[in-house]
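Report on one structure; see the data block that follows.
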Amino acid sequence: MTRNIVISGGGTGIGLATAQMFAADGDRVLLLGRRAEVLEKAGVPGSVTCAADLTRPADVRRVAEFVARELGTVDVLVHSAGGAGGQHPPAGADDPLEQVAHAWTDNFRLNTLTAALLTEALKDRLAEPGGRVLFLSSIAAYRGSGSGAYAASKAALHPYAHDLARQLGPHGITVNVVAPGYIEDTEFFGAGPAPERRAQLIAETSTGRAGIPGDVAATLHWLASPAAAHVTSQIIQVNGGAERGH
């Protein structure tokens with residue numbers, strides 16, 4: 001049976017790989033993202049797109065209206081939008097506290113608020129039973145991210161997912177989190193980490209390789225399948241064992 005899949009951040013990286021995997025099943029995929037041109041170039045067969053800034057309630061309302069009009073029911077909601085902040089320079093850039101306030105607020109908006117707003121806007125449209133809500137966290141939620149801001153914004157998704165799992169479980173809806181480690185071929189590191197940093201990240205794994213978007217997409221795809229119907233309120237780590245350290 002064809003399902004309706006909504007993926008934020010669906011134009012690149014993990015979101016795109018996930019969209020391609022669901023589309024290969026014949027599912028109908030809605031790609032969400034800030035950049036309309038990126039969504040249009042994604043080339044996911046049979047997909048529809050809606051450009052929106054998910055940090056803005058008005059844009060999220062527009063997405064909810066689009067979903068109601070074009071899809072009706074949401075079978076799977078995947079939150080892949082996010083980033084490490086730094087997209088906009090802080091006001092009062094010379095003031096250290098202004099810089100801290102900007103970094104924490106920016107990361108919270110990108111990684112936590114986008115997921116919360118979109119979930120709350122579409123919660124009543126999730127399939128009952130069988131609906132799936134899937135969040136993208138990070139290994140940083142366990143190990144830190146240098147400044148703490150990015151890690152904290154991802155870690156905040158964990159209790160939110162647990163609360164949702166309890167709330168939606170009686171309706172036959174599961175809620176889970178996937179926490180990737182270092183994943184290549186995404187926009188997270190821009191042009192990519194320095195060779196020394198890349199080597200370090202790979203050396204921290206037990207598998208001896210970098211992750212790829214398909215590794216995470218396959219995990220999300222399984223969590224959305226009937227085989228995972230009794231898996232909820234879990235955080236699945238996809239990092240080659242790097243969280244355990246060496």
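Note that the coordinates shown come from a computational prediction; the quantities given were computed from them, not determined experimentally.
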| said: If you define the side chain from C-beta out and look only at heavy atoms, does anything of Ile236 sit under 4.5 Å from Val177? | reply: no
| message | Strictly distance-based, threshold 3.5 Å: is any side-chain N or O of Asp106 a donor or acceptor partner for the main-chain N or O of Ala103? | response | no
| said: So Ser233 and Val175, do their side chains get closer than 4.5 Å, heavy atoms only? | reply: no
| message | Let's go through Asp215 and Arg209 carefully: what are the C-alpha distance in whole Å and the side-chain angles of both, what is the deciding distance for salt bridge (Lys or Arg N to Asp or Glu O under 4.0 Å) to 0.1 Å, and is it a yes or a no? | response | CA-CA 12 Å; Asp215 293 324; Arg209 70 168 176 87; 2.9 Å; yes
| task | Answer yes or no: is there a side-chain heavy-atom contact under 4.5 Å between Arg28 and Glu70? | result | yes
| task | Verify, without hydrogens or angle tests, whether Thr205 (side chain) and Gly208 (backbone) share a donor-acceptor contact under 3.5 angstrom. | result | yes
| query | Taking only residues two or more places apart in sequence or in another chain, which ones pass ring pair (Phe, Tyr, Trp, His ring centres under 6.0 Å) with Tyr142? | reply | His158
| Partners of Tyr182 by ring pair (Phe, Tyr, Trp, His ring centres under 6.0 Å), sequence neighbours excluded? | Phe189
| task | Measure from the side-chain N and O atoms of Ser8 to the backbone N and O of Ser80, and report whether any donor-acceptor pair falls under 3.5 Å. | result | yes
| said: Same cluster or not: Val231 versus Ile173, using hydrophobic residues (I, L, V, M, F, W, Y) connected whenever any side-chain heavy atoms lie under 4.5 Å apart? | reply: no
| query | Just by modelled atom types, is the Ala242 backbone N or O under 3.5 Å from a matching donor or acceptor in the Arg143 side chain? | reply | yes
| query | From Leu168 CG over to Thr232 OG1, what is the distance, rounded to the nearest 0.5 angstrom? | reply | 8.5 Å
| query | Judged by atom type as modelled, is there a donor-acceptor pair below 3.5 Å linking the side chain of Ser153 to the main-chain atoms of Tyr150? | reply | yes
| task | Mind listing the closest non-hydrogen atom pair of Pro159 and Ala155 along with its distance? | result | CD-O, 3.2 Å
| query | If you round to the nearest 0.5 Å, how far is CG of Leu77 from CZ of Arg132? | reply | 13.0 Å
| query | So, for Trp104 and Ala152, which heavy atoms are closest and what is the spacing to 0.1 Å? | reply | CZ3-CB, 3.5 Å
| request: May I ask you to decide if Ala151's main-chain N or O and Ser145's side chain share a donor-acceptor pair within less than 3.5 Å? | output: yes
Pairs of donor and acceptor atoms involving the side chains of residues 195-203, under 3.5 Å and at least two apart or interchain, shall be tabulated with distances.
unit_1: Arg197; atom_1: NH1; unit_2: Gln200; atom_2: OE1; d: 3.2
unit_1: Arg198; atom_1: NE; unit_2: Glu184; atom_2: OE2; d: 2.3
unit_1: Arg198; atom_1: NH2; unit_2: Glu184; atom_2: OE1; d: 3.4
unit_1: Arg198; atom_1: NH2; unit_2: Glu184; atom_2: OE2; d: 3.0

| note | For residues 8-32, the ring-ring contact (aromatic ring centres under 6.0 Å, His included) pairs (sequence neighbours left out) are Phe22-His221
| Which value, rounded to the nearest 0.5 Å, describes the distance between Leu39 atom CG and Leu16 atom CG? | 10.0 Å
| field | Within-4.5 Å side-chain heavy-atom neighbours: Ile7 and Leu30 | value | no
| message | Applying side-chain contact (heavy atoms from CB on, under 4.5 Å) to Leu31 and Val44, what does each step give before you reach the verdict? | response | CA-CA 9 Å; Leu31 304 178; Val44 177; 4.0 Å; yes
| field | Closest approach of Ala228 to Trp222 (non-hydrogen atoms, all atoms of both residues) | value | CB-O, 3.3 Å
| request: Would you check if the side chain of Arg34 reaches a backbone N or O of Leu54 as a donor-acceptor pair within less than 3.5 Å? | output: no
| message | Let me confirm one number: the CG-CG distance from Leu223 to Asn176, rounded to the nearest 0.5 Å. | response | 5.0 Å
| request: Identify whether Val133 and Val238 are in the same connected component of the hydrophobic contact network (ILVMFWY, side-chain heavy atoms under 4.5 Å). | output: no
| Linking I/L/V/M/F/W/Y whenever their side-chain heavy atoms sit closer than 4.5 Å, directly or via other members, would Leu157 and Leu32 fall into one cluster? | yes
| Can you list every pair that meets side-chain hydrogen bond (donor to acceptor under 3.5 Å, both in side chains) and has a residue in residues 59-68, with sequence neighbours left out? | none
| Does Thr12 reach the side chain of Thr186, with side-chain heavy atoms less than 4.5 Å apart? | no
| query | Side chains of Thr73 and Arg125: closer than 4.5 Å at any heavy-atom pair? | reply | no
| query | Considering the options Val76, Val29, Leu126, Leu71, which one meets the side-chain contact (heavy atoms from CB on, under 4.5 Å) requirement together with Val6? | reply | Leu71
| task | Check whether any side-chain heavy atom of Glu98 lies under 4.5 Å from a side-chain heavy atom of His102, and answer yes or no. | result | no
| field | side-chain hydrogen bond (donor to acceptor under 3.5 Å, both in side chains) assessment of His79 paired with Thr114 | value | CA-CA 8 Å; His79 295 284; Thr114 54; over 6 Å; no
| Mind checking whether Ile5 and Leu118 sit in one hydrophobic cluster, side chains of I, L, V, M, F, W, Y counted as touching below 4.5 Å? | no
| said: Hydrophobic cluster membership, with links at side-chain heavy-atom distances under 4.5 Å among I/L/V/M/F/W/Y: are Ile14 and Val78 in one? | reply: yes
| task | Report yes if some heavy atom in the side chain of Pro180 is under 4.5 Å from a heavy atom in the side chain of Leu136; otherwise report no. | result | yes
| query | Is the number of heavy atoms from other residues, nucleotides or ligands within 6.0 Å of CZ (Arg109) greater than 12? | reply | no
| remark: Quick note, side-chain hydrogen bond (donor to acceptor under 3.5 Å, both in side chains) partners involving residues 36-52, not counting sequence neighbours, are Glu40-Thr49
| request: Could you tell me which non-hydrogen atom of Thr105 sits nearest to which non-hydrogen atom of Ala101, and how far apart they are? | output: OG1-O, 2.7 Å
| Above 12 or not: heavy atoms from other molecules or residues under 6.0 Å from CZ of Arg56? | no
| field | Minimal non-hydrogen separation, Asp75 against Ala127, with atom names | value | OD1-CB, 3.5 Å
| field | Atom pair CG/CG of Leu122 and Asn4 - distance to nearest 0.5 Å | value | 11.5 Å
| When rounded to the nearest 0.5 angstrom, what distance separates NZ in Lys123 from CD in Gln167? | 4.0 Å
| query | What is the minimum heavy-atom distance between Ala224 and Leu134, and which atoms define it? | reply | CB-CD1, 4.2 Å
| query | For the side chain of Asp25 and the backbone of Asp27, is there at least one donor-acceptor N/O pair under 3.5 Å apart? | reply | no
